[in-house]
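Index from 1, following the sequence.
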Amino acid sequence: MDDLQYGTRDKRGNWAPNTPAQPAPIWQRPFSRKKVLAWVPEYLWPWNAFHLATALIWVLFLIPSWQSLATLSIGNFLWLYGLNAVGMFLFLGAFEFFFYVKRKQENRFKYNGKFPADNPSDVFWFKSQNLDNFLRSFFITIPLWTVVEIVMLWAYANTWATWLPWTTHWLWLSFIILISPAIHEIYFFCLHRLIHVPVLYKHIHSVHHNSINPSPWSSLSMHPGEGFPYMAEAWLHLLIPSNPVCAYFTLHSVGFGAVNGHLGFEKFEITENATLDSHAYLHYLHHKYFEVNYGGDGLVPMDKLFGTWHDGTKESDAVMKERFRKKKERMKAKQQGATPAE
């Protein structure tokens with residue numbers, strides 16, 4: 001497949017789509033009902049459908065009995081951690097193996113033309129981004145994911161949380177699932193913006209941003225101070241009348257769903273004529289420029305509201321640079337004002 005039919009490649013080998021990134025059609029003006037109706041299936045399939053499917057599999061078949069979950073135990077924790085680790089290894093590993101190890105489609109549709117394995121760096125453990133990201137994901141963030149999960153299940157098992165049955169509250173619970181990705185966008189924007197405060201960025205979020213050229217293993221490569229509140233979004237379901245399936249939908253959306261912003265490719269070639277869209281561009285630009293696109297993929301355009309939106313165009317570059325210039329001027333003026341007079 002010729003990726004230059006869909007975008008351009010610069011002298012460094014970096015690819016960018018021809019079409020600027022846009023928020024979800026419900027926010028675009030002029031409003032187009034045709035665009036919204038065409039977008040609805042994309043909203044549901046395949047990513048959100050995958051998260052709902054895994055939520056159902058976990059609740060119906062894989063988690064320990066509810067009687068067992070009423071008591072916190074190391075055995076249950078290790079079982080849940082094993083499920084999460086194996087699930088993520090298979091899920092992330094498939095993308096990593098086919099597109100980063102075997103390089104099935106070389107660098108077609110790849111935003112950054114280089115591959116992390118070809119660029120060792122001292123900022124990573126063992127000078128390897130892949131090994132660093134893998135170890136941080138599986139031995140820091142996924143255990144914290146499991147802490148959030150087992151406490152969530154303990155709360156449901158002990159009726160600390162309001163557990164609504166699907167048979168009588170299917171409409172409300174369906175609404176919760178449909179709205180959960182939008183809630184995630186708002187939650188993620190607020191958390192993400194917070195950890196970009198200089199002191200938190202330096203000591204916490206910089207660990208994740210070491211991966212300027214992210215790959216699937218980068219998805220959950222985080223400092224504990226970021227990984228725990230990131231996964232704890234699932235606890236929002238403990239504050240409202242909900243259901244374990246809904247809570248797991250959110251938990252898996254932030255766990256498995258973290259891959260979307262770190263795939264590194266715009267499209268994956270499934271067959272000669274079929275591709276899978278990654279929805280990774282906005283977050284790739286965040287890794288590239290650091291102070292833009294703090295939200296997700298534009299489902300709720302928080303970045304547009306707060307002036308940090310970057311759609312990949314030269315116009316957005318100019319706006320970003322002007323914002324940086326004004327920021328530097330403010331910092332310089334503040335420093336000069338704090339300097340004692342001679």
Mind checking whether Met88 and Leu92 have side chains closer than 4.5 Å, heavy atoms only? yes

More than 12 heavy atoms of other residues, nucleotides or ligands under 6.0 Å from CH2 of Trp170: yes or no? no

Would you confirm whether Thr250, through its side chain, and Ala247, through its main-chain N or O, come within 3.5 Å as a donor-acceptor pair? no

Minimal non-hydrogen separation, Pro224 against Pro229, with atom names: O-CD, 4.1 Å

Could you walk me through whether Phe249 and Thr54 pass the side-chain contact (heavy atoms from CB on, under 4.5 Å) test, one step at a time? CA-CA 8 Å; Phe249 176 73; Thr54 58; over 6 Å; no

Just by distance, with hydrogens left out, do His192 and His283 show a side-chain donor and acceptor under 3.5 Å apart? no

Judged by atom type as modelled, is there a donor-acceptor pair below 3.5 Å linking the side chain of Ser206 to the main-chain atoms of His209? no

Go through the side-chain N and O atoms of Asn243 and Trp166 and say whether any donor and acceptor fall under 3.5 Å apart. yes

Note, Lys326 side chain near Arg323 side chain (heavy atom, < 4.5 Å): no

Between Tyr81 and Glu149, is any side-chain donor less than 3.5 angstrom from a side-chain acceptor? no

Can you confirm whether Val254 sits close enough to Tyr187 that some side-chain heavy atom of one is under 4.5 Å from a side-chain heavy atom of the other? no

Can Arg103 be said to sit on top of Phe115's aromatic six-ring, NZ or CZ under 6.0 Å from centre and within 45° of the ring axis? yes

Verify the ring-centre separation between Trp235 and Tyr230: is it less than 6.0 angstrom? no

Ring centres under 6.0 angstrom apart (Trp217, His262): no

For the atom pair CG (Asp297) and CG (Asn260), what is the distance rounded to the nearest 0.5 Å? 7.5 Å

More than 12 heavy atoms from other groups under 6.0 Å of CH2 on Trp39: yes

Distance-only, no hydrogens or angles: does the Asp311 side chain make a donor-acceptor pair with backbone N or O of Gln22 under 3.5 Å? no

Validation row: Lys288, Asn112 side chains within 4.5 angstrom (heavy atoms): no

With a cut-off of 6.0 Å (strictly less than), are more than 12 heavy atoms of other residues, nucleotides or ligands near CZ of Phe31? yes

Donor-acceptor pair, side chain of Asn158 and main chain of Trp160, under 3.5 angstrom: no

When hydrophobic residues are tied together by side-chain contacts of less than 4.5 Å, even through go-betweens, does Phe99 share a cluster with Phe89? yes

Centroid-centroid distance, Tyr111 to Tyr284, less than 6.0 Å: yes

Ignoring hydrogens and angles, tell me if any N or O in the side chain of Ser68 forms a donor-acceptor pair with the backbone of Pro64 under 3.5 Å. no

Looking at Trp145, Trp47, Phe95, which hits ring-ring contact (aromatic ring centres under 6.0 Å, His included) with Phe256? Trp145

Ala85 and Phe138 have their tightest heavy-atom pair at O-CE2, 3.2 Å

Looking at His287 and Ile212, would you say the former's side chain and the latter's main chain have a donor-acceptor pair under 3.5 Å? no

Do the non-hydrogen side-chain atoms of Lys110 and Asn213 ever get within less than 4.5 Å of each other? yes

Are Phe109 and Tyr281 an aromatic pair, judged by ring center distance below 6.0 Å? no

Is Arg9 salt-bridged to Asp3, cutoff N-O under 4.0 Å? yes

Would Ile195 end up clustered with Phe290 when hydrophobic side chains under 4.5 Å apart are linked, directly or stepwise? no

Could you tell me whether the side chain of Ser278 and the main chain of Glu266 form a donor-acceptor pair under 3.5 Å? yes

Report, as yes or no, whether the 6.0 Å neighbourhood of atom CD on Gln67 holds more than 12 heavy atoms from other residues, nucleotides or ligands. no

Could you state the interatomic distance from CG (Leu164) to OG1 (Thr162), rounded to the nearest 0.5 Å? 6.5 Å

Charged N to carboxylate O below 4.0 Å: is that the case for Lys104 and Glu269? no

Side-chain donor/acceptor of Asn84 to backbone N/O of Leu80, under 3.5 Å: yes

Does Trp163, at its CH2 atom, have more than 12 non-hydrogen atoms belonging to other residues, nucleotides or ligands within less than 6.0 Å? yes

Ion pair check, Arg136 and Asp132, cut-off under 4.0 Å: yes

Cluster overlap Met152 with Ile177, hydrophobic side-chain contacts below 4.5 Å: yes

Beyond-backbone contact of Asp303 with Val292, side-chain heavy atoms, under 4.5 angstrom: no

Establish, yes or no, whether a centroid distance under 6.0 Å links the rings of Tyr294 and Phe188. no

Taking the six-membered ring of Tyr6 as reference, does the cationic atom of Lys267 (NZ for Lys, CZ for Arg) lie under 6.0 Å from its centre and within 45° of its axis? yes

Quick one, Leu72 and Asn76 - any side-chain contact, counting heavy atoms below 4.5 Å? no

How about His237 and Tyr248: are their ring centres within less than 6.0 Å of each other? no

Do His223 and His203 pass the side-chain hydrogen bond (donor to acceptor under 3.5 Å, both in side chains) test, and can you show the C-alpha distance, the side-chain angles, and the key distance before you say yes or no? CA-CA 9 Å; His223 184 282; His203 296 289; over 6 Å; no

Run through Arg193, Lys328, Lys327 and flag the one making a salt bridge (Lys or Arg N to Asp or Glu O under 4.0 Å) with Glu291. Lys327

Under 4.5 Å between any side-chain heavy atoms of Asn48 and Tyr43, yes or no? yes

Do you know which two heavy atoms are closest between Ile150 and Ser73, and how far apart they sit? CD1-O, 3.9 Å

In terms of side-chain geometry, is the basic nitrogen of Glu322 or Arg325 positioned less than 4.0 Å from the acidic oxygen of its partner? yes

Could you tell me whether the side chains of Asn293 and Thr308 share a donor-acceptor contact shorter than 3.5 Å? no

